[in-house]
Amino acid sequence: MSTIVVQAFITLDGVVQAGGGPEEDREGGFEHGGWTSEYDERDVRGEMAEIIRSWESATEALLLGRKTYEIWASSWGVWDENDAGLKGELNRRYNRVPKYVASRTLSELGWQISHLLGADVPAAVRALRDEPGGEIRVWGSTRLIRTLAEHDLIDEYRLAVYPMVLGTGKKLFPEGFPRVSLSRVETRALASGVQVTTYRRSTSA
């Protein structure tokens with residue numbers, strides 16, 4: 001079986017919206033885009049880059065909601081693969097792995113090796129998960145994550161928790177999110193103040 005892994009940069013109050021940049025996702029009038037930046041600047045040891053490099057080296061496929069897919073296709077899908085450092089490494093990897101997209105509105109996907117999951121997203125994801133393989137990575141995609149959780153299709157959460165409270169924005173675990181029991185696998189406190197923790201579900205479906 002493959003493993004479905006949700007990764008997220010998240011605030012203390014559970015917000016995951018637009019950590020990467022001001023214009024990344026303004027849905028709902030969100031005005032705090034790029035909130036990870038002050039902690040990224042403190043990361044003089046490059047600890048977060050080291051963690052992301054380790055995580056993404058195991059990525060065999062991406063599983064994305066429509067909005068996240070469009071954001072990534074217009075960034076990772078067009079950036080120069082020859083960029084130096086981690087950005088170039090990730091760009092090459094993301095361009096070469098399959099991308100599976102949950103969408104009720106898209107009919108065509110322009111980014112290479114991209115596939116629509118179809119009308120029955122849980123069934124399609126379950127079939128992907130049942131195939132031999134490595135880690136199927138989920139970034140962003142809060143609505144998709146909730147759907148996956150409702151059908152017990154998430155094997156692991158890797159959360160980089162930033163010590164800040166925004167008070168607004170999309171949350172990873174909103175009101176009504178399905179109950180689940182998890183076991184803490186690993187925790188790492190970074191010098192920047194960010195704490196990275198991996199949680200794995202206690203039992204496999």
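Excluded from the calculations below are hydrogen atoms, water molecules and symmetry mates; all remaining heavy atoms, backbone and side chain alike, are included.
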Any sub-3.5 Å donor-acceptor pair from [X]'s side-chain atoms to [Y]'s backbone N or O?
X	Y	value
K99	V97	yes
E47	A191	yes
T187	T197	no

Dump the intermediate steps for side chain to side chain contact (heavy atoms under 4.5 Å, CB included) on E24 and I71, then the final yes or no.
CA-CA 7 Å; E24 186 177 287; I71 292 170; 4.3 Å; yes
Give the intermediate values and the outcome of salt bridge (Lys or Arg N to Asp or Glu O under 4.0 Å) for residues R26 and E23.
CA-CA 6 Å; R26 288 191 174 271; E23 303 301 325; 3.0 Å; yes
Approximate separation, where rounding is to 0.5 Å, of [X] [atom1] and [Y] [atom2]:
X	Y	atom1	atom2	answer
R126	I4	CZ	CD1	9.5 Å
S107	L116	OG	CG	7.5 Å
W55	L90	CH2	CG	12.0 Å
L106	R66	CG	CZ	6.5 Å
D43	E50	CG	CD	9.5 Å
L64	L109	CG	CG	10.5 Å

Show your reasoning for whether salt bridge (Lys or Arg N to Asp or Glu O under 4.0 Å) applies to K171 and D13.
CA-CA 8 Å; K171 294 188 175 183; D13 56 338; 5.2 Å; no
Would you check if there is a donor-acceptor pair between the side chains of [Y] and [X] at a distance under 3.5 Å?
X	Y	result
Q7	E56	yes
S202	S181	no
R137	T59	yes

Single-linkage hydrophobic cluster [X]~[Y], side-chain heavy atoms < 4.5 angstrom:
X	Y	result
L128	Y94	no
V16	L144	yes
M164	I10	no
L153	F177	yes
V161	L182	yes

Could you report the tightest heavy-atom contact between [X] and [Y], atom names first, then the distance?
X	Y	value
H151	T147	ND1-O, 3.0 Å
G140	I145	O-CD1, 3.0 Å
A124	L117	CB-O, 3.4 Å
Q17	G169	OE1-CA, 3.4 Å
N95	W76	OD1-O, 3.7 Å
A58	R93	C-NH2, 4.2 Å

Parallel, tilted or perpendicular, as decided by the 30° and 60° cut-offs, for the rings of W35 and Y162
perpendicular
Taking the side chain as everything from C-beta on, heavy atoms only, tell me whether [X] gets closer than 4.5 Å to [Y].
X	Y	value
V15	L172	no
K87	W79	yes
P178	V180	no
V165	T11	no
F9	V194	no
V196	R158	no

Salt-bridge present ([X], [Y]; N to O < 4.0 Å):
X	Y	result
E81	R96	yes
D155	R129	yes
E27	K170	yes
R146	E175	no
R188	E186	no

Do R42 and Y39 form a cation-pi contact, if we require the NZ or CZ to be under 6.0 Å from the six-membered ring centre and within 45 degrees of the ring's axis?
yes
Here's a test for you: under side-chain contact (heavy atoms from CB on, under 4.5 Å), which of V121, T68, I136 qualifies with L63?
I136
Salt bridge (Lys or Arg N to Asp or Glu O under 4.0 Å) evaluation trace for D152 with R201:
CA-CA 9 Å; D152 196 25; R201 61 182 188 161; 2.7 Å; yes
After noting the C-alpha distance and the side-chain angles of V78 and W111, does the key distance pass the side chain to side chain contact (heavy atoms under 4.5 Å, CB included) rule?
CA-CA 9 Å; V78 298; W111 192 7; over 6 Å; no
Does atom CD of Q112 have more than 12 heavy-atom neighbours, drawn from other residues, nucleotides or ligands, at distances under 6.0 Å?
yes
Atom CZ of R45: over 12 foreign heavy atoms under 6.0 Å:
no
Please report whether the ring centroid of Y69 lies less than 6.0 Å from that of W139.
no
